[in-house]
Number of protein chains: 2
Amino acid sequence: MASIALGFEAAGIQTKDRNVKKNKDVPAEEHSGPLMADVARLAGVAISTVSRALANPGRVNEKTRAKISAAAKQLGYTPNAMARGLRVGKSNIIMIILPGSLHYGASQIIPQILQGINRSLSQHGYHLMIANLDRDETSEQHILDLAFGGTVRGVIIFSSQLPVDGNRSLADTALPIVSLLLDMSESSLPSVVTNDRQAVRQATQELIELGHTRFLYIAGPTGNYHDVERYGGALEALREAGLSEQHVVRSGGAHSYQLGFRTGVEAADDFARLEVKPTAVIATSDDMAISFMSRVQRMGWNIPTDLSLVSFDGSPVCEFSTPPLSTIEQPVEEMGQAAVALLIERIEQAHIRTATRIVVPSRLIRRESMAAAKPGLNILRS
Amino acid sequence: MASIALGFEAAGIQTKDRNVKKNKDVPAEEHSGPLMADVARLAGVAISTVSRALANPGRVNEKTRAKISAAAKQLGYTPNAMARGLRVGKSNIIMIILPGSLHYGASQIIPQILQGINRSLSQHGYHLMIANLDRDETSEQHILDLAFGGTVRGVIIFSSQLPVDGNRSLADTALPIVSLLLDMSESSLPSVVTNDRQAVRQATQELIELGHTRFLYIAGPTGNYHDVERYGGALEALREAGLSEQHVVRSGGAHSYQLGFRTGVEAADDFARLEVKPTAVIATSDDMAISFMSRVQRMGWNIPTDLSLVSFDGSPVCEFSTPPLSTIEQPVEEMGQAAVALLIERIEQAHIRTATRIVVPSRLIRRESMAAAKPGLNILRS
DNA sequence: CGCCATTTAGCAAACGTTTGCCAAAAACCA
DNA sequence: TGGTTTTTGGCAAACGTTTGCTAAATGGCG
């Protein structure tokens, strides 16, 4: 407007005008969509009335409200989320932080988790943004920018530690955070977890009852929460049965879960090298179990006659391996829903400060890969 | 609201006071974080200088810039994304629309796709939001609200049609959109696809060269783009070899891909019922192939001696089935990257209007599930 | 030292909503 | 009908940035 007026004012001095323009970016006149003001004009009311009619219907006459929403529909009006978010100081976006090695355990559970969470969130009017937490600094920065920049309203952190960058830490946010799969209730983060330890203990107990006394444990990344818990559960069962830690051989542990299949292959090689063969194998993920099984079968061992096998995750594919694989199924759907419920509770009632812990139990699905130990056959030659 | 007010009215005069308050919400004094104004004050410059120093470093003295970014770091300042977005009229969020039956083909490819896309986006400073496109109306509304409400800056639509709701359609947005997996370049949407048709044709040709003349085709959802393409490819190969459509039996087609395993199981039953047995099976997803294989093996058939098998998707698990499964691998990583590249190109240079089509070829991974047809053994009894 | 060209910094107006406050209208009661 | 309560609508000020314009500062040159 001002520049046009200037142009008219001094028609001869075009240069001047040009110079002025150098500093000027186009104001992006392209937002196109109808504004609340357009709706108000069409409905013959004030903007504020439109706002109230759309967001807080109780506060406006029904007849007016109808007129307004008709106008809105006619124009195809959609309120601008950023303007709203800026004004009310909150967004309706939830961020889920996924570990860099995305394929934790069986990759199959990630889509289920994401879908379950997204559905639950949608029902409450929230949207889902995903963030990858790699080991590099930039990914942590991105996440913290999202958190501190007001883009997100709450965080679900999936089997990871809270990211930190410089003097900013996710823990310092006022944002509600829920930890999924990783128990961080000690650090006063509400957590939704499954009973890794107990589930593995129970599976080990069953193997012991079937007569097994020598175990191969195929480990996840050393130090990983899930690996520690699961191995701990196996050891507990052994101890209860009066068996020492000598009765279990560990394999794997060097790789991230992303390489589950490779870990299983290497475990099969380890197995082949052992003088004293275990009769039962506990794998910390289905991927490992499947590739392990494939390799040892190829080497000539029979499952479950020579070797029983049980793993963790509950991927659907386990039902269709040969033989069908016993696995500890994680109730991903329920866990996702529980996490969302917890998060929304924190969002909507800011006064909740107690750190809850919700344990959704995993359950062992018994299939043909588990059988009684071969009596008196504790030593096999490779 | 109205009824509550009536209740108060009857109660007495306290109502007045309460009613006044009813209209008042706390102004949410809790944004907490440091503002650009705080940084400016600490650095001893004006707000606008801070803004320019942070976003457009060339426009401000280096010494000043250093002072400002030191101040920003000291305060842990993070710019508010919604305020920025509102002002500049654009966000930095990309939305990916996933089909409601999320487990298209092998669910394994979804996490890979998502991770690949998210990584590429991160590098360009964008964030990824996921949206589920279910069959219900609310999910379409949610998606359109995101698109029209200015929340997102671009859209990647994964193997789905554009959602429509009332008089709003994603097609009407000014937003850049890229279609992934589904070829919509005819509808002037830039698309990144793989060569479904040609890949299946080639695999079928190889089977024919191995002496196979009777096929079982395990179909995806009837009418689905991928199913049409893949079946078409198989038919083309048959026709080229002078074989009529009679030489292929279709199974499945009724379910969504989500039930891939079940489709395979039912295909095995169909197979058992056939008088004239096919000698080769083409499955449209790895899930189907795996469950099919498991069942027919259990019924006593041998793979690949009695029956050759090839499927689509390239899930890692195929390498470890018994026997290892031949599969057509989709280059998901490259496809994701290509989609992002295309999208960012459209975002940053708004003048591109030509609809591109990028074909990233799939490749057949040959494993033991494919072998020569048993000579002269076209009919087996069940 | 003075004049002009070029940087650099600051003011204030946007961006599109929501909402406190107040005025107007409506409804009710006597 | 007049006064009082209740409801409804409108004005304008936020929310935290970016940015056009202008003022000030800096530097170059005669």
Side-chain angles (χ1 to χ4, degrees), chain A residues 1-3 6 16-17 19-31 33-40 43-56 58-65 68 77-91 149-150, chain B residues 1-2 4-6 8-9 12-13 15-16 18-31 33-40 43-56 58-65 68 77-91 149-150:
Chain A
M1 274 297 165
S3 68
L6 275 170
K16 185 178 180 178
D17 225 21
N19 249 339
V20 170
K21 258 176 192 155
K22 182 188 80 180
N23 203 4
K24 187 186 297 183
D25 285 61
V26 291
E29 202 60 55
E30 44 169 325
H31 180 268
L35 268 38
M36 196 173 262
D38 300 319
V39 178
V45 296
I47 294 183
S48 56
T49 308
V50 176
S51 173
R52 279 189 265 262
L54 263 39
N56 188 359
R59 209 157 135 44
V60 71
N61 184 323
E62 167 56 24
K63 214 176 66 187
T64 316
R65 200 201 56 73
I68 289 174
Y77 169 73
T78 307
N80 182 299
M82 289 192 300
R84 164 178 238 282
L86 176 60
R87 176 59 230 251
V88 304
K90 37 187 82 151
S91 87
Chain B
M1 272 297 162
I4 289 175
L6 278 169
F8 282 166
E9 177 197 8
I13 322 265
T15 346
K16 186 177 183 178
R18 288 249 179 77
N19 251 339
V20 170
K21 259 174 193 159
K22 181 187 80 178
N23 204 3
K24 187 183 300 183
D25 283 60
V26 291
E29 202 58 55
E30 44 169 324
H31 179 267
L35 266 39
M36 195 173 263
D38 299 319
V39 178
V45 297
I47 293 184
S48 56
T49 308
V50 176
S51 173
R52 277 189 265 262
L54 263 38
N56 190 359
R59 212 156 138 47
V60 73
N61 184 323
E62 167 56 23
K63 213 176 67 187
T64 316
R65 201 203 54 74
I68 289 174
Y77 169 72
T78 307
N80 183 298
M82 290 193 298
R84 164 177 239 283
L86 175 60
R87 176 58 229 251
V88 304
K90 36 187 84 150
S91 87

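In what follows, chains carry the letters A, B, and so on, assigned in the order in which the sequence lines appear, proteins first and then strands, with residues in each chain numbered from 1. Excluded from the calculations below are hydrogen atoms, water molecules and symmetry mates; all remaining heavy atoms, backbone and side chain alike, are included.
You'll find that the side chain of B/V88 is closest to D/dT19, out of C/dG16, D/dT19, D/dT17. Nearest nucleotide to the side chain of A/L35, out of D/dG9, C/dG16, D/dT17: C/dG16.
The distance between atom NZ of A/K90 and atom P of D/dA14, rounded to the nearest whole Å, is 19 Å. B/N80 has its CG atom 18 Å from the P atom of C/dC15, to the nearest Å. Atom-to-atom, CD1 of B/I68 to P of C/dT8 comes out at 13 Å; the value is rounded to the nearest Å. As rounded to whole Å, 15 Å separates atom P of D/dT7 from atom CZ of A/R52. Whole-Å rounding puts the B/I47 CD1 to D/dG16 C1' distance at 9 Å. Rounded to whole Å, atom C1' of C/dT17 lies 11 Å from atom CE of B/M82. Straight-line distance from the NZ atom of A/K63 to the C1' atom of D/dG9: 14 Å, rounded to whole Å. One atom, CZ of B/R84, and another, C1' of D/dC15, lie 17 Å apart when rounded to the nearest Å.
Side-chain N/O atoms of A/T49 include one lying less than 4.0 angstrom from OP1 or OP2 on D/dG10. Taking side-chain N and O atoms only, B/Y77 has a distance below 4.0 Å to OP1 or OP2 of D/dT17. Neither OP1 nor OP2 of C/dT8 sits under 4.0 Å from any side-chain N or O of B/T64.
Between B/S48 and B/L86, the residue anchored nearer the 5' end of DNA chain C, judged by the nucleotide with its closest heavy atom, is B/S48.
Nearest heavy atoms, B/M82 versus A/S91: SD-CB, 4.0 Å.
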